[in-house]
Amino acid sequence: MAGFSDDIPFFDDDDATPVPAKSQGGGGLAARAMAARKPSGNMPDYLAGLNPEQRLAVETTEGPVLVLAGAGTGKTRVLTTRIAHILSTNRAYPSQILAVTFTNKAAREMKTRIGHFVGEAIEGMPWLGTFHSIGVKMLRRHAELAGLKSGFTILDTDDVIRLLKQIIQAEGLDDKRWPARQFANMIDSWKNKAQGPKDISEGDARAFGNGKGRELYYAYQARLQTLNACDFGDLLLHPIRIFRENPDVLREYHQKFRYILVDEYQDTNVAQYMWLRLLAQRPGGERPNVCCVGDDDQSIYGWRGAEVDNILRFEKDFSNATVIKLERNYRSTAHILGAAAHLIAHNEGRLGKTLFTDHPNPDDGLVQVHAAWDSEEEARAIGEEIEQYQRKGHNLNDMAILVRASFQMREFEDRFVTLGLNYRVIGGPRFYERQEIRDAMAYFRVVAQGADDLAFERIINVPKRGLGEATIRQVHDAARARNTPMLQAAAELAESDELKPKARASLRQVSANFHRWQELLENTPHTELAEMILDESGYTDMWKNDKSAEAPGRLDNLKELIRSMEEYESLRSFLEHVALVMDAEQQEDLDAVSIMTLHSAKGLEFETVFLPGWEEGLFPHQRALDEGGRSGLEEERRLAYVGLTRAKKNLHLWFVSNRRIHGLWQSTIPSRFIDELPEAHVEVAEGGGNSYGGYGVGDRRNPYGSSRFDKVESFSNTYATPGWQRAQKNKTEATSRNWGNRSGHAVERIGYGEVDSGFGAGRGSVKPRTIEGELVAKSVASAPSPFSVGDRVFHIKFGNGNISNIEGNKLTVDFDKAGQKRVLDSFVQPA
DNA sequence: GATATACTAATTTTT
DNA sequence: TTAGTATATC
């Protein structure tokens, strides 16, 4: 693992200027990259496969460059080739290139790819990493300028919340009324905007804790200082302050970094932007060699403080910038690109790119839109489609399900478990966030950093040692009173008479243990020490004695933890790595379907992509609409665009009519994004297609099946809309073709029919241009809604209610029991 | 001080 | 629905 180990000399090649191209350069990477050139001809190998725009982006090494790279246009390739080019032409040494990515995954991938160009000596790129990892590296170097000691700890969200809870309580506030979690989010967003306690607006300051927001923020920062700790935001804010207050330090970095590259520029927030600008902008009008690569259409982290405007500002901040657009897409079929382009064109304020492909293929299929009755059926049908692809020889590794919200994953997991289909959840609950891992890490942290009170508090009574709330409080107070770490206070308390004998003995034992481990720290192999700590503390035994079902798994995880420590040279470097890289690497050797959120899918590609849950309220997410207004909607649309452009060949969209949210059934209507897809590239998958089946023989029965069927049957007799007729038709086809008249199956079919028809009915004035229009044309000539405001209607799930508004086929109904809902007219009948 | 039960709340995305 | 927290009880 190429972590940022401390043994890399800081200003190694500082004053050296590599010999410019042509003449043979010094040894190391550059020489190896030179060797990668073709023996004959002038063009180096690595440039050969690039298209003209890509090549321009690679070869324009001097001055500011903004690369607007659409999805699948070879963005990463440009970045890595550019670095290879800089190295091989001896423009800079590896250590003089600052390359910043947004995620650890991207950093890793760049390292690997550069490794291919220049040999395996990747550690020669010490300044390639995420904003945060590079920020830490700088901060460790200059910690004292931020009032910290170099060994400071990095707190994760969990630590921060526990700390804030203490602070809120200490301020005499009710921590139920003023949740620490919420305040942590507020602080995070302030820090994303590079605002310290003194900078936040009066309104923000008053919004929390009875107007004590600012005081709490101050108290929090003060507490971090005494704990010798940082949160994530500080990893950037401290360096920014250091640069501003110490021009000499900044100058050193200016001299050091000859080339700066930034990936995913559209995702940078204000703090990152300021950090970057400080490093890039040179005094005296010198043009910095800064290259930012991004795609405004893929900006999906606005909620986390990302500013798309940073892209727009680039040309203002860096005069005479070269702007290069990459629009030639190598990933997707023309239909997929067409669908994505049409969708994203609904956004305003874009820089305006249009993806195109050089290789249109007439055999490519259209984008498919499917409907299902509920999320359970959605999961079942997608599972069957996946099995079909599999039977046709596709690898599961080439397929992915991308969801809007992680709760959607569960249904797929359940289904795939029963099917015995391999799957892999990406970005789910993370290894390092598991309780046992965090406990173990807390032990290690206290050993490595005795002042880490948060870690100490976490495990002081884990496993149970008879040190309850009262004792902990006492230790805590003693530490605060004497201004010492809790571990030290505990040791002192244990020697005094202030505690009951039992607690005293226990406390004495704990602090003696930690003392012993700390003394072993320098001279014991760290994995050995780690094992010793977990054994002697009784932590391993705690899980061995635990009879719950998860206990063996937790023990396995602990073993895995120790094993993963072997890759690091010390306990400290391991702790640092974990703080920054919360994800554990996935094993790729298994053939499995990937399940992940749309956010974590950015940057990935799959041959076949399923996008379930395209319903109003879920996607676009209601909260994005409520809190973000139009810009919130546009970000959701960009998220949809990201989803569509992940697919290389096959793309399936799904929506359902009923979804259970918070345990309550909600009737849902199709996402407006489906309406925004172009007819030419999209088709509606028919319910009767071979991709849906009912229940296989011996399958578990749908628990809702029978009752739903009964109700549907009963109202079918009186219902006579076109939609219903269509449903009937489908039902008959299905029943006769497949498993006869098994009720459960027929019910599923009805679901399809209803959705399709309801979707399309009404809105008589619109030409059938969109998917919706197509459905209208397919089902029946459009008919006006058979209802009028005030009608009393019955709905399968919600019962009776009165119609309060009608928009085309979408009714707003005040249900007697379920409250106001928006439903499709085909789902209700006159009461 | 530990455990069990009851209740509540909150349900997006994450470096 | 579930997960996480607060309270009551042993």
Side-chain angles (χ1 to χ4, degrees), chain A residues 100-108 129-136 154 156-158 160-161 165 174-177 179-182 184-185 188-189 191-192 231-236 263-264 267-269 271-272 275 299-306 375 402-411 414 426-430 432-433 435 461-473 500 502-503 506 578-583 596-603 613 617-628 632 635-636 638-640 642-643 659-666:
Chain A
V100 205
T101 65
F102 199 67
T103 66
N104 293 299
K105 212 196 301 169
R108 229 178 291 140
T130 62
F131 278 98
H132 298 276
S133 65
I134 291 174
V136 181
I154 302 162
D156 63 28
T157 333
D158 210 64
V160 169
I161 289 170
K165 190 165 176 179
D174 179 6
D175 67 305
K176 279 189 76 178
R177 218 185 110 160
R181 179 175 299 275
Q182 188 192 336
N185 286 332
D188 190 54
S189 63
K191 291 193 172 180
N192 283 337
D231 62 19
F232 262 108
D234 288 341
L235 298 180
L236 285 171
D263 190 16
E264 305 282 16
D267 286 335
T268 51
N269 61 36
Q272 288 160 336
W275 181 87
S299 162
I300 54 174
Y301 285 106
W303 53 275
R304 217 169 60 187
S375 50
L402 311 181
V403 298
R404 174 62 182 84
S406 47
F407 75 84
Q408 294 173 262
M409 294 182 180
R410 190 185 181 145
E411 218 127 13
D414 286 351
I426 295 177
R430 302 197 224 170
Y432 292 111
E433 281 171 5
Q435 182 191 342
N461 199 31
V462 181
K464 300 277 183 321
R465 302 189 173 90
L467 297 170
E469 209 179 316
T471 315
I472 295 175
R473 163 117 293 146
K500 290 184 191 137
K502 208 174 132 201
S506 208
V578 171
L580 293 171
V581 184
M582 293 296 283
D583 59 335
M596 68 188 96
T597 63
L598 286 161
H599 282 87
S600 41
K602 190 163 67 132
L618 177 59
F619 195 30
H621 200 280
Q622 193 55 47
R623 193 146 160 188
L625 300 177
D626 292 345
E627 291 170 14
E635 180 151 318
E636 294 287 290
R638 290 193 292 269
L639 197 52
V642 167
R659 194 173 284 280
R660 197 169 37 187
I661 300 168
H662 319 329
L664 289 173
W665 281 100
Q666 301 277 144

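Letters A, B, ... mirror the listed sequences (proteins, then strands); counts begin at 1. Just so it is clear, the model here is predicted, and its values are computed rather than measured.
With DNA chain B read from its 5' end, the first of the two nearest nucleotides for Pro179(A) and Leu467(A) is the one closest to Leu467(A). Of the two residues near DNA chain B, Glu636(A) and Lys464(A), the one whose nearest nucleotide lies more 5' is Lys464(A).
Within 3.5 Å, no donor on the side chain of His599(A) pairs with an acceptor on the base of dT14(B), nor the reverse.
Of all nucleotides in DNA chain C, those with any atom nearer than 4.0 Å to a heavy atom of chain A start and finish, going 5' to 3', at dT1(C) to dA6(C).
Among the atoms of the strands shown, none is found under 4.0 Å from any heavy atom of Asn185(A). Thr471(A) comes within 4.0 angstrom of sugar-phosphate atoms only, judged by non-hydrogen atoms across all strands, and of no base.
A straight line from CE of Met409(A) to C1' of dT14(B) spans 12 Å, rounded to a whole angstrom. Straight-line distance from the NZ atom of Lys502(A) to the P atom of dA2(B): 7 Å, rounded to whole Å. When rounded to the nearest whole Å, the span between CG of Asp626(A) and C1' of dA10(B) equals 15 Å. Atom CG of Asp156(A) is separated from atom P of dT14(B) by 16 Å (rounded to the nearest Å). One can place CG of Leu664(A) at 15 Å from P of dA10(B), the figure rounded to the nearest angstrom. Distance, Asp234(A) CG to dT15(B) P: 18 Å, rounded to whole Å. What separates CG of Asp188(A) from C1' of dT13(B) is a distance of 13 Å, to the nearest Å. Atom NZ of Lys105(A) is separated from atom P of dT14(B) by 10 Å (rounded to the nearest Å).
Every salt bridge (charged side-chain N to carboxylate O under 4.0 Å, His left out) that Arg659(A) has, sequence neighbours left out, goes to Glu378(A), Glu615(A). In this structure Lys165(A) satisfies the salt bridge (charged side-chain N to carboxylate O under 4.0 Å, His left out) test together with Asp175(A), sequence neighbours excluded.
Under the stacking definition used here (centres under 5.5 Å, planes under 30°), the residue Trp303(A) fails to qualify as stacked on the base of dT12(B). We find that the ring of Phe232(A) and the base of dT15(B) stack, their centres lying under 5.5 angstrom apart and their planes tilted less than 30°. With its ring centre under 5.5 Å from that of the base six-membered ring and a plane angle below 30°, His662(A) counts as stacked on dT11(B).
Using C1' as the reference atom, dT5(C) and dT12(B) are 23 Å apart when rounded to the nearest Å.
Here the nucleotide nearest the side chain of Asn461(A), chosen from dT14(B), dA2(B), dT15(B), is dA2(B). The side chain of Arg404(A) approaches dT12(B) more closely than any other nucleotide in the set dT15(B), dT14(B), dT12(B). In the set dT13(B), dA2(B), dT12(B), dT13(B) carries the atom at the smallest distance from any side-chain atom of Ser406(A). Checking dT11(B), dA2(B), dT14(B) against every side-chain atom of Arg623(A), the shortest atom distance belongs to dT11(B).
For Asp267(A) against Gln272(A), the heavy-atom pair with the smallest separation is O-OE1, 3.7 Å. Pairing each heavy atom of Glu264(A) with each of Phe102(A), the nearest pair is CB-CB, 4.2 Å. Gly466(A) and Asn461(A) make their closest contact through N-OD1, 3.4 Å (heavy atoms, listed as atom of the first residue, atom of the second, distance).
Using a 30° and 60° split on the angle between ring planes, His132(A) and Phe232(A) fall in the perpendicular class, above 60°.
Contact check for Leu598(A) versus Val642(A): no side-chain heavy atoms found under the 4.5 Å cut-off.
Taking side-chain N and O atoms only, Thr157(A) has no distance below 4.0 Å to OP1 or OP2 of dT14(B).
Using a distance-only test at 3.5 Å, with no hydrogens or angles considered, a donor-acceptor pair links the side chain of Glu636(A) to the main chain of His621(A).
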